[in-house]
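All values below come from the heavy atoms of this structure, side chains included, with hydrogens, waters and symmetry mates left out. None of these values were measured; they are calculated from a predicted model.
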Amino acid sequence: DRAVVAAHHLAKDFSWPGRAARALLDGHNPYDVIQATGPYPFNVGLFYPLPAAVASLPFAPLPPAIAGTLFFGISSALLAYGLTRTKADLAKLPLFASAPFCMAAVLVQWAPLMTAAALTPALQFLTVAKPNIGLACWVYRPTVRGAIAAAAFAALTLLLLPTWPLEWREALHQAPRYKGPLFASSAGLILLLGAVAWRQREGRLFLAMAAVPQLSLFYDQLPLWLVPQTVWRSILLSAASWVAWWQWYPSRALDSSVAVAAPWVFWLIYVPA
């Protein structure tokens, strides 16, 4: 699809934190600089917290396409490292063949980095860059050190821009509102069955993912691939995700594409998980 690689798409969804990082380097307030001025990726203001911009600073001097490529490549490498640290996690490698991972690649999203933080506590300070999915990933392997590091990282960004939490909140008010699938409809109550495994990290991750606000456009659901504990279950979940993706794909250019995707994501990703 030519639109996917059109020059005006810059670094896809990474355009927001990438532009915010450049604004910081230039001494500007990114919440003032990044406003809705045109088509994607200029269609909304900065709905990322400032830690996302600070984490993106190493990529700021680079052309957008290269910056996005390197960001996603490093995120994927860290995720692969996390999955190969233990024999048990090797069973989750079919994650890389899932529709959510491919969607995250196309849109240069943060889900692989957040999933990597779930597997590698040393990366948990980055969870504040995307705190909704980051919180669910922290629940998978919670550490006090990781929580303190994340809080310290967020606190340090206040030195750069003390007002950013208020400005970020204002930006979120102008963005579409999304709910976790547990609260999106009455069918979401089915997901409470995951509570039977609450003593396991996979069960706690599942319940957290079901509750946190997220966009049901496949990529935010990538951490759910930490739930399957055998290779075949992971393969089956990946296969189901592609069935959901192909059901959504014809609607991708419509304003209602997220609404079309949501039930498929629920029934073919969340329920199997």
Sequence neighbours excluded, every pair satisfying salt bridge (charged side-chain N to carboxylate O under 4.0 Å, His left out) that has a member inside residues 162-191: none
Do Val33 and Val44 sit in one hydrophobic cluster, given that two such residues count as connected whenever their side-chain heavy atoms are within less than 4.5 Å of each other, even indirectly? yes
Ring pair (Phe, Tyr, Trp, His ring centres under 6.0 Å) partners of Trp267, counting only residues at least two apart: none
Closest heavy-atom pair, Gly194 versus Leu207, reported as atoms and distance to 0.1 Å, is C-CD2, 4.0 Å
Ser256 side chain to Ala259 main-chain N or O, any donor-acceptor pair under 3.5 Å? no
Who passes side chain to side chain donor-acceptor pair (under 3.5 Å) against Thr157, sequence neighbours left out? Trp164
CG of Leu83 to NZ of Lys92: how many Å apart, nearest 0.5 Å? 8.5 Å
Flag if over 12 foreign heavy atoms under 6.0 Å of CZ, Arg141: yes
Partner residues of Tyr81 under the ring pair (Phe, Tyr, Trp, His ring centres under 6.0 Å) criterion, sequence neighbours left out: none
Can you confirm if the aromatic rings of Trp225 and Phe101 lie within a centre distance of less than 6.0 Å? no
Could you tell me whether the side chain of Asn132 and the main chain of Pro213 form a donor-acceptor pair under 3.5 Å? yes
Contact check, side chains of Arg85 and Thr120, non-hydrogen atoms, under 4.5 Å: yes
Please find the pair of heavy atoms, one from Leu46 and one from Ala171, that lie closest to each other, and give the distance. O-CB, 3.1 Å
Check: Tyr249 main-chain N/O paired with Arg252 side-chain donor or acceptor under 3.5 Å: yes
Same hydrophobic cluster for Trp246 and Val265, using side-chain heavy-atom links shorter than 4.5 Å among ILVMFWY? yes
Would you say the side-chain atoms of Trp248 pair up with the backbone N or O of Val260, donor to acceptor, closer than 3.5 Å? no
Is a donor on one side and an acceptor on the other found under 3.5 Å between the side chain of Ser241 and the backbone of Ala99? yes
Minimum heavy-atom separation for Met114 to Gly134, with atom names? SD-CA, 3.8 Å
d(Met103 CE, Phe218 CZ) to nearest 0.5 Å is 6.5 Å
Between Ser75 (side chain) and Phe71 (backbone), is there a donor-acceptor pair under 3.5 Å? yes
Could you go through the side-chain contact (heavy atoms from CB on, under 4.5 Å) check for Val227 and Leu237 one step at a time? CA-CA 10 Å; Val227 172; Leu237 187 59; 5.8 Å; no
Taking only residues two or more places apart in sequence or in another chain, which ones pass side chain to side chain donor-acceptor pair (under 3.5 Å) with Thr86? Asp89
Any donor and acceptor pair, going by atom type alone, linking the side chain of Trp138 with main-chain N or O of Thr143 inside 3.5 Å? yes
Is there a chain of hydrophobic side chains (I, L, V, M, F, W, Y, each step under 4.5 Å between heavy atoms) that links Leu191 to Leu189? yes
Flag side-chain contact, heavy atom, 4.5 Å: Leu236 against Pro94: no
Can you name the closest pair of heavy atoms from Leu24 and Pro30 and give their distance? CD2-CD, 3.9 Å
Could you measure the distance from the CH2 atom of Trp110 to the OG atom of Ser56? Nearest 0.5 Å is fine. 4.0 Å
Does Asp26, at its CG atom, have more than 12 non-hydrogen atoms belonging to other residues, nucleotides or ligands within less than 6.0 Å? yes
I'd like to check Leu79 versus Phe96 (side-chain heavy atoms, cut-off strictly below 4.5 Å). Are they in contact? yes
Pairwise distance CD1(Ile269) to CH2(Trp245) - rounded to 0.5 angstrom: 12.5 Å
Between Pro142 and Val139, which heavy-atom pair has the shortest distance, and what is it? CD-O, 3.1 Å
Got Cys102 and Trp242 here, is their nearest side-chain heavy-atom distance under 4.5 Å? yes
Treating Gln124 as the side-chain partner and Ala149 as the backbone partner, does any N or O pair qualify as donor plus acceptor under 3.5 Å? no
Using the ring of each side chain (for Trp, its six-membered ring), is Phe153 parallel, tilted or perpendicular to Phe125, with breaks at 30° and 60°? perpendicular
Do side-chain atoms of Ser234 reach the backbone of Val231 as a donor and acceptor pair under 3.5 angstrom? no
Which pairs would a plain distance check flag for residues 198-206, meaning a side-chain donor or acceptor within less than 3.5 Å of a matching protein atom at least two apart in sequence or in another chain?
{"residue": "Arg201", "atom": "NE", "partner": "Tyr140", "partner atom": "O", "Å": "3.3"}
{"residue": "Arg204", "atom": "NH1", "partner": "Trp198", "partner atom": "O", "Å": "3.1"}
{"residue": "Arg204", "atom": "NH1", "partner": "Arg199", "partner atom": "O", "Å": "3.0"}

Smallest separation among heavy atoms of Phe266 and Pro181, with atom names: CD1-CB, 4.0 Å
Are Leu268 and Val271 linked, directly or through other ILVMFWY residues, by side chains that come within less than 4.5 angstrom of each other? no
Determine whether more than 12 heavy atoms belonging to other residues, nucleotides or ligands lie under 6.0 Å from atom CH2 of Trp264. no
Step-by-step side-chain contact (heavy atoms from CB on, under 4.5 Å) determination, Leu78 to Leu123: CA-CA 9 Å; Leu78 291 170; Leu123 298 174; 4.2 Å; yes
Taking a hydrophobic cluster as the set of Ile, Leu, Val, Met, Phe, Trp and Tyr residues connected by side-chain heavy atoms closer than 4.5 Å, whether directly or through intermediates, do Leu224 and Ile235 fall within one such cluster? no
Under 3.5 Å: donor-acceptor pair, side chain of Tyr31, backbone of Leu50: yes
Nearest 0.5 Å please: distance from the CG atom of Leu62 over to the CZ atom of Arg22. 9.5 Å
Measure the spacing between OG of Ser216 and CD of Gln221 and express it to the nearest 0.5 Å. 5.0 Å
For Tyr40 and Ser15, run side-chain contact (heavy atoms from CB on, under 4.5 Å): C-alpha distance rounded to whole Å, both residues' side-chain angles, the deciding distance at 0.1 Å, then the answer. CA-CA 10 Å; Tyr40 173 85; Ser15 298; over 6 Å; no
Between Asp220 and Tyr178, does the side-chain contact (heavy atoms from CB on, under 4.5 Å) criterion hold? Intermediate values first, please. CA-CA 12 Å; Asp220 273 349; Tyr178 299 106; over 6 Å; no
Establish, yes or no, whether a centroid distance under 6.0 Å links the rings of Phe14 and Tyr48. no
